[in-house]
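Taking it in order: structure first as structure tokens, then the write-up.
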Amino acid sequence: MDTLFYNAKIDTRDCRSTAAEAIGIADGNIVFIGTKEEGEKLNPKEKIDLKGAYVLPGFCDSHLHMLNYAFVTSAYAMYDVTSIKEIQETGRRMAEERNLAKTGKWLFGRGWNQERFTDEKRYLTKEDLDAISTEFPIFFIRTCGHLATANTEALKRIMKLEKTKNYLHFIDEETGILLEASVKLVYDAMTPPTQEEVEDLIQLAARDLNACGITSVQTDDFLSLP
């Protein structure tokens with residue numbers, strides 16, 4: 001054993017809510033956990049008195065929505081847009097670059113905030129997105145995630161879903177604005193990503209994490225789309 005930490009209040013967070021006073025480490029792994037008396041019988045290379053300190057296991061934050069992050073980043077990240085006109089111009093350019101009129105794939109984006117608009121400080125509407133195109137579905141989620149706007153084609157596909165009938169009170173078909181829980185209906189309307197597309201999203205998220213100095217991520221973060 002390399003190191004024994006003792007005289008501590010250790011919360012193991014195991015299924016039995018075990019409390020302990022000493023913990024032993026060897027080669028970077030926990031090899032012992034028990035009482036102070038049990039620890040005293042061991043012969044580690046180093047002993048460290050924690051003087052009654054509270055010890056918790058390392059936390060793994062699984063609420064990062066990494067696949068959703070990569071999905072939005074690879075789509076249209078709209079956090080810095082400053083006008084409805086900019087959204088329309090960028091939307092048309094992205095549609096052309098991705099040949100969406102031919103493939104019929106979605107133009108998806110998130111991050112717009114009408115408070116940052118310099119032309120009109122209002123919510124995006126169906127008409128605004130139809131000005132980009134009515135040939136393929138477009139869905140732009142506000143920065144808060146509680147409101148989104150769909151163009152005519154996207155709204156048509158969402159309204160065809162069986163489960164949409166439970167969210168009609170959150171949907172304004174005239175403006176194309178969806179609120180709260182109805183926003184997530186878009187993920188049911190969209191074509192599921194292929195295995196290759198999911199792997200590409202994971203790689204994108206991992207690269208950004210590494211750039212931030214984070215080198216490991218819990219894999220079940222990537223098991224499903226948002």
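Residue numbers start at 1 and run along the sequence shown.
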For [X], does the [atom1] atom sit with more than 12 other heavy atoms under 6.0 Å from it, leaving out its own atoms?
X	atom1	answer
Asn43	CG	no
Glu127	CD	no
Leu168	CG	yes

Problem - From CA spacing to verdict: side chain to side chain contact (heavy atoms under 4.5 Å, CB included), Val183, His146 - result: CA-CA 7 Å; Val183 172; His146 294 271; over 6 Å; no
Return the [atom1] to [atom2] distance between [X] and [Y], rounded to the nearest 0.5 Å.
X	Y	atom1	atom2	result
Arg92	Leu107	CZ	CG	11.5 Å
Tyr187	Ile158	OH	CD1	10.5 Å
Leu185	Thr164	CG	OG1	4.5 Å
Met78	Arg110	CE	CZ	11.5 Å
Ile25	Asp27	CD1	CG	10.5 Å
Thr149	Phe139	OG1	CZ	8.0 Å

Sidechain-backbone polar pair: [X] side chain, [Y] backbone, donor-acceptor under 3.5 Å:
X	Y	answer
Ser182	Tyr167	no
Asn113	Thr143	no
Lys121	Glu115	yes
Asn151	Phe136	yes

Practice task
Go through the structure and list residues passing ring pair (Phe, Tyr, Trp, His ring centres under 6.0 Å) with Tyr76, not counting sequence neighbours.
Solution key: Phe140
Exercise for the section: List in chain and number order the residues that pass side-chain hydrogen bond (donor to acceptor under 3.5 Å, both in side chains) with Gln195, two or more places apart in sequence or in another chain; answer none if no residue qualifies. Expected result: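 Gln195 satisfies side-chain hydrogen bond (donor to acceptor under 3.5 Å, both in side chains) with Glu199 once adjacent residues are dropped.
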Problem - All side-chain hydrogen bond (donor to acceptor under 3.5 Å, both in side chains) counterparts of Thr152, not counting sequence neighbours - result: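 Checked Thr152 against side-chain hydrogen bond (donor to acceptor under 3.5 Å, both in side chains); matches are Asp130.
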Can [Y] be reached from [X] by stepping across I, L, V, M, F, W or Y side chains whose heavy atoms are under 4.5 Å apart?
X	Y	answer
Ile138	Phe108	yes
Ile33	Phe5	yes
Val55	Val31	no
Tyr123	Ile87	yes
Met1	Ile10	no

Handout entry: Candidate pair Thr35 and Glu21, rule side chain to side chain contact (heavy atoms under 4.5 Å, CB included), full reasoning
Key = CA-CA 5 Å; Thr35 65; Glu21 300 169 307; 3.5 Å; yes
Handout entry: Pairs involving residues 96-107, ordered by first then second residue, that meet salt bridge (charged side-chain N to carboxylate O under 4.0 Å, His left out) (sequence neighbours left out)
Key = Arg93-Glu97, Lys105-Glu197
Practice task
Return each pair, listed once, that meets salt bridge (charged side-chain N to carboxylate O under 4.0 Å, His left out) where at least one residue sits in residues 163-173; pairs must be two or more places apart or across chains.
Solution key: Glu162-Lys165, Lys163-Asp188
Which heavy atom of [X] sits nearest to which heavy atom of [Y], and what is that distance?
X	Y	value
Leu42	Glu38	CG-O, 3.7 Å
Ala154	Trp106	CB-CZ3, 3.5 Å
Gly104	Pro137	O-CD, 3.6 Å
Ile177	Leu179	CG2-CD2, 4.1 Å
Ser83	Asp119	CB-OD2, 3.4 Å
Ala20	Gly34	CB-O, 3.5 Å

If you look only at distance, which donor and acceptor atoms sit under 3.5 Å apart when one is on a side chain in residues 44-54 and the other is two or more places apart or in another chain?
| residue | atom | partner | partner atom | Å |
| --- | --- | --- | --- | --- |
| Asp49 | OD1 | Asn7 | ND2 | 2.9 |
| Asp49 | OD1 | Lys51 | N | 2.8 |
| Tyr54 | OH | Asp11 | OD2 | 3.1 |

Compare all side-chain heavy atoms of [X] with those of [Y] and state whether any distance is below 4.5 angstrom.
X	Y	result
Met190	Arg157	no
Val81	Arg116	no
Arg122	Ile84	yes
Leu204	Asp200	no

Problem - Salt-bridge criterion met for Lys41 and Glu37 (N-O under 4.0 Å) - result: no
